[in-house]
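All values reported here derive from a predicted model rather than from experimental measurement.
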Amino acid sequence: MRCIFCKQNTDKSKSEEHIIPASLGNLEHILPKGIVCDKCNNYFSRKIEKPLLESFYFLHARAINKIVTKRGKYPPNDAIHIDSGINVKLIGEKDGWSISASTEQEEERFIKKILTSSKGTIIVPNPMQPSENDKYVLSRFLGKIAIEVLAQRLIHIKGGLDEVIDKPELDMLRNYTRRGNQNLIWPYSERRIYPEEKWFSSDNGQNYQILHEYNLLYTPDKETYLVIAIFGIEYAINLAGPTIDGYMKWIDSNENISFLD
Ligand SMILES: [Zn+2]
C-alpha cells in the first residue's frame, strides 16, 4: 500500500488516521493504517492540527462544548471575574464548571473575593469564528480532510485508492497540505449555518449535538468540493484548484441552503 499524501510505501506504518482530530470529538471517522503513512500522520498532527486546535477560536469552541482531550481532560476556557478583575479559567465538569484563578499567585486573592461576596459576574470572551491569522493553517487542515474523505469514499472500490494517489489533478492540494506554500492561502468558503452549541432532537426524543458532518459535492461544472460543518460553521474547499467561484455559484443557485441540510 502507498500513502495518499507522499505516495511512499506504507507497509511498515502503524498509524490510523483520524480524518477529524479526536480532540474535536471525532471517534468514528478514521482511516485504517496504511492509508496515511506514520510520517505524514505525525506531520499533520504537529504542524497543522496542534496549532489549529490551540488557536483562540478552536480552544474556546472545544471548551464550551466540553470535548475531552486525548488525555481525557476538558480544555480550559479563559474568562474574567469582573468584580475582582482577576483572569480565571473555567473548566468543564460532567455536571457543571469548575473555576479557578489563571495563575497560582492570584488564587488566594480570588478565593477571598469569592468568599466575601454574595454574587459575581464571569465574562467569557467568545471569538465566534476563526481569526484571519488562522487561515493558512485552517485551509491546509481542510485540504487534508478533503483528500482523506475522498480516500474514505473510494477505499472499498477496487483500484480506488490508486486513483486518489495517482490523480495529477489532486497533486496541488496534496502538496499544499503536506508541504505548505508560503505564497498561497488556498481559498475556502466559511459561513455559520447553526449556533456552535446547537442541540438537535432525534426521533427517539434524545438530544444530540452535531459537532461535525461532511460530504463531497460534485457541481454541475464537474468540480469536487469538500463541504464540512465544524461547531456550526460550514466550510467548503475545492479539491482541484485554489478557487471557490464554483461553490459560490452553486450556493447562489441553491438559495443559500447548505449542502449538508
Ligand atoms: Zn506519507
task = Begin from the C-alpha positions of F44 and R140 and carry the test side chain to side chain contact (heavy atoms under 4.5 Å, CB included) through to its verdict.
result = CA-CA 9 Å; F44 291 138; R140 296 179 70 202; 6.0 Å; no

[X] versus [Y], closest heavy-atom pair with distance:
X: P242; Y: M172; value: CG-CE, 3.6 Å
X: G25; Y: I67; value: N-CG2, 3.3 Å
X: F259; Y: L216; value: CE2-O, 3.4 Å
X: Y136; Y: G180; value: OH-CA, 3.2 Å

request  = Carefully, step by step, assess D162 and R2 under the rule salt bridge (charged side-chain N to carboxylate O under 4.0 Å, His left out).
outcome  = CA-CA 8 Å; D162 287 332; R2 288 178 296 156; 3.1 Å; yes

What's the separation between atom [atom1] in [X] and atom [atom2] in [Y], rounded to the nearest 0.5 Å?
X: D134; Y: I185; atom1: CG; atom2: CD1; result: 10.5 Å
X: I20; Y: H18; atom1: CD1; atom2: NE2; result: 10.0 Å
X: F110; Y: D83; atom1: CZ; atom2: CG; result: 9.5 Å
X: I114; Y: S84; atom1: CD1; atom2: OG; result: 7.5 Å

Students often mix this up, so state it plainly: with edges at 30° and 60°, are the rings of [X] and [Y] parallel, tilted or perpendicular?
X: W186; Y: Y176; answer: tilted
X: Y247; Y: Y225; answer: tilted
X: F231; Y: F58; answer: tilted

inquiry  = Within the supplied structure, the quantity of interest is the number of heavy atoms (other residues, nucleotides, ligands) at a distance under 6.0 Å from E104 CD; does it exceed 12?
reply    = no

Flag the pair [X] / [Y] as yes when at least one side-chain heavy-atom distance between them is below 4.5 Å, and no otherwise.
X: F5; Y: E148; result: yes
X: I19; Y: L31; result: yes
X: I64; Y: N126; result: no
X: I145; Y: Y235; result: no
X: D245; Y: T243; result: yes
X: V227; Y: W250; result: no
X: T69; Y: P75; result: yes
X: D78; Y: K89; result: yes

request  = For residues 24-45, pull every pair meeting salt bridge (Lys or Arg N to Asp or Glu O under 4.0 Å), keeping only residues two or more places apart or in separate chains.
outcome  = none

request  = Inspect the contact between K144 and E17 and indicate whether a charged nitrogen and a carboxylate oxygen are less than 4.0 angstrom apart.
outcome  = yes

query = Can a salt bridge be assigned to the pair R174 and D171 using a cut-off of 4.0 Å between side-chain N and carboxylate O?
reply = yes

inquiry  = Before you tell me yes or no, could you show the steps for T219 and K249 under side chain to side chain contact (heavy atoms under 4.5 Å, CB included), namely the whole-Å CA-CA distance, both residues' side-chain angles and the distance that decides it to 0.1 Å?
reply    = CA-CA 9 Å; T219 68; K249 204 172 128 191; over 6 Å; no

Same cluster (ILVMFWY, side-chain, under 4.5 Å), L217 and I257 = no

query = For M128, does its backbone N or O pair with a side-chain atom of R192 as donor and acceptor, under 3.5 Å?
reply = yes

